[in-house]
Protein chains: 2
Amino acid sequence: MQGGDRFIDGYLLYLLARASSIASAEFHQEIRRCGYTVAHWRVLAALKGIDGVTVGDLADICLANQPAISKTIEKLVGMGLVERSSDDTDRRRVRVCLTRDGDAAVDLLIAAAREHQARLVDAMGHDETTALVRALTRVIERSVAG
Amino acid sequence: MQGGDRFIDGYLLYLLARASSIASAEFHQEIRRCGYTVAHWRVLAALKGIDGVTVGDLADICLANQPAISKTIEKLVGMGLVERSSDDTDRRRVRVCLTRDGDAAVDLLIAAAREHQARLVDAMGHDETTALVRALTRVIERSVAG
DNA sequence: CTTATAATTATTCCTTTTCATACAATAACG
DNA sequence: CGTTATTGTATGAAAAGGAATAATTATAAG
């Protein structure tokens, strides 16, 4: 796409963003084919297997800001995939849960995600994958700490 | 933020996206403090040291789609940081270059980016960093191939 | 040369995100 | 208690992003 010695080629954050973007592109397309947005998918996946997550926690988990999550939840409620309930101990908080339909929908998406991941891991090799996981985990630790 | 064994905790694409998001958050905030958006920064950084890049190539490099880049370029032209010129050999193509002001502006941003990266590499350690770069490079290779 | 197909960028329309703010509930403090 | 601060969520206006398409230029085929 270009030779030379561009700044961005040695820039770590660019490499990270590019790897994430490229690796996710294919599966994100599959999500859209299923009739969901990436934002939908992230919220649904974050809710899988958990009784109730607050809006703020969802924002952290889904790498989005709070208003965006509020609106995504509103959509998912309209689609019948998610429901809100107020927390009894702190009535400011809104606990978000999957509905029965939402749970079934996310199961399908998670199955597709697992298949996609299996193909990626297969292409990369097991050792390379564990090296990647270790490195990414360290990035997260160090970034949060620093 | 939650214990349990959530699906997303073992999901590689989520780990990638999360690492990228967290690692970039601090510097992206610095970009905004300087009066730029992340989109501005990516285009400017992609242009540094290159005579002229087409809109389509910028879209690839900047991990955005083509219309988004067209609009970002329009903004940057208005800010006097970038200029368009038509390619003589193919008049469909638009070659985008940094202006003198744009070059000076991106130099400051790149200096800040280098400092930020130096701090991150320092926190991670040299060996861990090279392991990360190797792993990310492999992800990109394998994803593009597959 | 003409027509058809492909490639490149801009534009349009609609959805989504973002920023700021408002509102409600809790916490802290005198 | 009453008052002020802080926290959690929703809302509204403005900006950005994305999908589809239009417009222009290149290339290929006949």
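Throughout, protein chains are lettered first and strands after them, A, B, ... in sequence-line order, and every chain is numbered starting at 1.
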Q: Could you check if a side-chain atom of A:Trp41 sits within less than 4.5 angstrom of a side-chain atom of A:Phe27, using non-hydrogen atoms only?
A: yes
Q) Does some side-chain heavy atom of A:Val94 sit less than 4.5 Å from a side-chain heavy atom of A:Ser86? A)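 Side chain of A:Ser86 against side chain of A:Val94, heavy atoms only: no contact under 4.5 Å found.
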Q: Using only heavy-atom distances, determine whether the side chains of A:Thr89 and A:Asp87 contain a donor-acceptor pair under 3.5 Å.
A: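 Their side chains do contain a donor-acceptor pair, which is all the 3.5 Å distance test asks for.
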From the set [options], return the single nucleotide nearest to any side-chain atom of [X].
{"X": "B:Arg32", "options": "D:dA19, C:dC19, D:dT9", "answer": "C:dC19"}
{"X": "B:Val94", "options": "D:dA19, C:dC19, C:dA10", "answer": "C:dA10"}
{"X": "B:Arg93", "options": "D:dT25, D:dT9, C:dT9", "answer": "C:dT9"}
{"X": "A:Gln66", "options": "C:dT18, C:dA10, D:dT9", "answer": "D:dT9"}

Could you give the [atom1]-to-[atom2] distance, from [X] to [N], as a whole number of Å?
{"X": "A:His28", "N": "D:dG18", "atom1": "NE2", "atom2": "P", "answer": "12 Å"}
{"X": "B:Asn65", "N": "C:dT15", "atom1": "CG", "atom2": "P", "answer": "17 Å"}
{"X": "A:Arg33", "N": "D:dA19", "atom1": "CZ", "atom2": "P", "answer": "13 Å"}
{"X": "B:Leu63", "N": "D:dG18", "atom1": "CG", "atom2": "C1'", "answer": "15 Å"}
{"X": "A:Ile73", "N": "D:dG8", "atom1": "CD1", "atom2": "C1'", "answer": "12 Å"}
{"X": "A:Glu74", "N": "C:dT15", "atom1": "CD", "atom2": "P", "answer": "15 Å"}
{"X": "B:Asp90", "N": "D:dT27", "atom1": "CG", "atom2": "P", "answer": "6 Å"}
{"X": "B:Asp87", "N": "C:dA10", "atom1": "CG", "atom2": "P", "answer": "13 Å"}

Q. Considering all heavy atoms of both residues, which atom of B:Asn65 and which atom of B:Ala59 are nearest to each other, and what is their separation?
A.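 Heavy atoms only, the tightest pair is C-CB, 4.0 Å.
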Output yes when at least one side-chain N/O atom of [X] is less than 4.0 Å from OP1 or OP2 of [N], else no.
{"X": "A:Arg91", "N": "C:dA25", "result": "yes"}
{"X": "A:Arg92", "N": "C:dC23", "result": "no"}
{"X": "B:Ser70", "N": "C:dT9", "result": "no"}

Q: Specify the residue among A:Thr54 and B:Thr72 whose closest nucleotide of DNA chain D lies further upstream toward the 5′ end.
A: A:Thr54
Q: May I ask you to say what B:Arg95 touches in the nucleic acid, namely base, sugar-phosphate or nothing, with a heavy-atom cut-off under 4.0 Å?
A: nothing
Q | Distance-only donor-acceptor test (3.5 Å): side chain A:Lys71, base D:dT9 | A |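 Answer is no: no donor-acceptor pair is held.
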Q. Is a salt bridge present between A:Arg119 and A:Asp122, judged by a nitrogen-to-oxygen distance below 4.0 Å?
A. no
Q: State whether A:Arg84 and A:Glu74 are salt-bridged, where the test is any N-O pair (Lys NZ or Arg NE/NH1/NH2 against Asp/Glu carboxylate O) under 4.0 Å.
A: yes
Q. Counting N and O atoms only, with roles assigned by atom type, does the side chain of B:Thr130 sit under 3.5 Å from a partner on the main chain of B:Asp127, one being a donor and the other an acceptor?
A.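 A pair under 3.5 Å: yes.
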(Q) How long is the straight-line distance from CZ of B:Arg100 back to CG of B:Leu81, given to the nearest 0.5 Å? (A)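 These two atoms lie 14.0 Å from each other.
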Interface polar pairs with nucleotides 14-16 of chain D, N/O, under 3.5 angstrom:
unit_1: D:dA16; atom_1: OP2; unit_2: B:Lys75; atom_2: NZ; d: 2.6

Q: Could you pick out which residue, A:Asp88 or A:Ala64, lies toward the 5' side of DNA chain C when each is mapped onto its nearest nucleotide?
A: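 The residue closer to the strand's 5' end, by nearest nucleotide, is A:Ala64.
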